[in-house]
Q: 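First, the structure itself, so that you have it in front of you.
Convention: sequence-line order gives letters A, B, ...; per-chain numbering from 1.
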There are 2 protein chains.
Amino acid sequence: MAHILIIEDEKGISDFLKEGLSEEGYEISLASDGEKGLQKAMNNSFDVILMDWMLPKIQGIEVTRKLREAGNQTPVIFLTAKDTVQDTILGLRSGANDYLKKPFSFDELLERIKVQLRKPQSKINHILSHEGIKIDKDKREVKIDNREIHLTQKEFDLLSYLLQNKNKVCTRDEILDKVWDIHFDYDSGVIDVYINSLRKKIKSVKDVNIIETVRGVGYIVKD
Amino acid sequence: MAHILIIEDEKGISDFLKEGLSEEGYEISLASDGEKGLQKAMNNSFDVILMDWMLPKIQGIEVTRKLREAGNQTPVIFLTAKDTVQDTILGLRSGANDYLKKPFSFDELLERIKVQLRKPQSKINHILSHEGIKIDKDKREVKIDNREIHLTQKEFDLLSYLLQNKNKVCTRDEILDKVWDIHFDYDSGVIDVYINSLRKKIKSVKDVNIIETVRGVGYIVKD
DNA sequence: CTTTACTTTTAAGCAAATTTTAAGCTTGGT
DNA sequence: ACCAAGCTTAAAATTTGCTTAAAAGTAAAG
């Protein structure tokens, strides 16, 4: 689970935060002044830092600035009583990622922490796989048991669409709509031709038929 | 300069935003309802989206959700009169990156936009390298096996962009958008010409072809 | 202001790959 | 056995990308 550093000198607040966040499953570290906070932040890798503005030794804004100068990119959320627009701007400009004015709602804080924890982009959704067939949407590459096969654009789009809707029958209309961008009623044999060519290309590498036809309706890929 | 999409139905507000942000040097696009907004957001690559909550056709929260479902990671900042904690949480949970309650300070908005525009990278990306090809973005210098080759500005930008997106197909639209700053549909052979010239210059020093073409889509540099 | 060197864009011909059409053939269900 | 739906194949139509050359645009130097 994610690891959060709280840099806050008022024990009441830090205890309250620690308790609440622990309950949510976060691992918490505390620092009671700017100096200790900076040191902890530099020597460990936290997922988020909650920062007070007014702190003993070094002010929060200065801690943030020094962190960024040192190349540390850990998301910083200010939690502070300094509530003017000017303060907010200074806080953000020092390198913080968000700025919450006290008193704040704990639930909102939770949600804003989650925003910072979001992965910039998970590749997870860009790779589909099914029985040894791997589709990498970024590279537009298809591998069967690690052997690459070349698909044309439409073949790739069609196969992706079928795998994306695994275990669900894709009707001809849906396929025409989503893969061919044809939104009206249209009758031609294109789909048949492409299904055929996909099956052929797959079979040339591995003797399976993953695309079943559902007579009168469309096609399906089952687990 | 960064490109911002404003999805907002009240003309007064969108005009105000457009004027203020243009003055700051941002390029602005407008959408007056959720449907148009979603469409624009999907078909272009913006750097930030400013989103109203209550919109004709599709609500802002739904637009955000659909964007994220489709894998679009563009930062979204809600600008809305819905000011309860519960609304904020719903907004952020739908996939937004920040949430500002009306009336907000324009200066704070500006600063929060800048937060979203911050690149999550440091000096690492100033030097790209790939199979003996080294690009120094600061010096705008390209070396292949330590022999320098001269690239024109556009050639340099294009090669940088491709290397920055290593292992991901760069579509022609994306390239036109990011390298040529052309944000509308445009058909010309410029990209082909530049790819050709890049390949030629690289080959004149080392007999490799790092730029693969993905027919019907774009180009990719693979590891 | 004009020249010159260079960069960027346009345009056109060509070759090759992709996509669509069409026609005959197979198959499953009644 | 019949018929419609689906399969297979090959050829036609279309699109795409590569390559060149020339035109248009820019900026520095004379």
Q: Under 4.0 Å between a side-chain N or O of A/Thr152 and OP1 or OP2 of C/dA17?
A: no
Q: In whole angstrom, give the distance that lies between atom CG of B/Leu176 and atom P of C/dT10.
A: 10 Å
Q: Round to the nearest Å and state the distance from A/Asn209 atom CG to C/dT27 atom P.
A: 15 Å
Q: Between A/Trp180 and C/dT20, does any side-chain N or O lie under 4.0 Å from OP1 or OP2?
A: yes
Q: Among C/dT21, C/dT18, D/dT20, which nucleotide sits nearest the side chain of B/Lys200?
A: D/dT20
Q: The side chain of B/Tyr186 is closest to which nucleotide in this list: C/dT10, D/dG17, C/dT20?
A: C/dT10
Q: Please indicate whether A/Lys206 has more than 12 foreign heavy atoms, meaning atoms of other residues, nucleotides or ligands, lying under 6.0 Å from its NZ.
A: yes
Q: In whole Å, I'd like the distance from the CG atom of A/Leu151 to the P atom of C/dT19.
A: 10 Å
Q: Has A/Lys114 got more than 12 heavy atoms of other residues, nucleotides or ligands less than 6.0 Å from its NZ?
A: yes
Q: Give the nucleotide from the list C/dT20, C/dT7, D/dC18 with an atom nearest to the side chain of B/Asn196.
A: D/dC18
Q: Please check if the number of heavy atoms outside B/Lys134 that lie under 6.0 Å from its NZ is greater than 12.
A: no
Q: Indicate, with a heavy-atom threshold strictly under 4.0 Å, whether A/Tyr219 touches base, sugar-phosphate, or nothing.
A: sugar-phosphate
Q: Whole angstrom is fine here: how far is it from NZ in A/Lys201 over to C1' in D/dT9?
A: 15 Å
Q: What is the separation between atom NZ on A/Lys203 and atom C1' on D/dC7, rounded to the nearest whole Å?
A: 12 Å
Q: Please report the distance, rounded to the nearest Å, between CD1 in A/Ile191 and P in C/dT21.
A: 12 Å
Q: I want to confirm an ordering. Mapping A/Val193 and A/Val214 to their closest nucleotides on DNA chain D, which one lands closer to the 5' end?
A: A/Val214
Q: Are any of A/Thr213's side-chain N or O atoms less than 4.0 Å away from OP1 or OP2 of D/dG6?
A: no
Q: Would you mind telling me which residue lines up with the more 5' stretch of DNA chain D, A/Gln153 or A/Arg172, judged by nearest nucleotide?
A: A/Arg172
Q: Per the atom types in the model, does the base of C/dT18 pair as donor or acceptor with the side chain of B/Arg215 at under 3.5 Å?
A: no
Q: In terms of side-chain heavy atoms, does B/Lys137 have a donor or acceptor partner in B/Gln164 at a distance below 3.5 Å?
A: yes
Q: Quick check on B/Lys201: does its NZ atom have over 12 non-hydrogen neighbours (other residues, nucleotides or ligands) under 6.0 Å away?
A: yes
Q: Specify the separation, in whole Å, of atom CG of A/Asp192 and atom C1' of C/dC25.
A: 13 Å
Q: Using whole Å, what does the distance between atom C1' of nucleotide C/dT9 and atom CG of B/Leu158 come to?
A: 15 Å
Q: Could you check B/Lys154 against A/Gly189 and say which one's nearest nucleotide on DNA chain C is further toward the 5' end?
A: B/Lys154
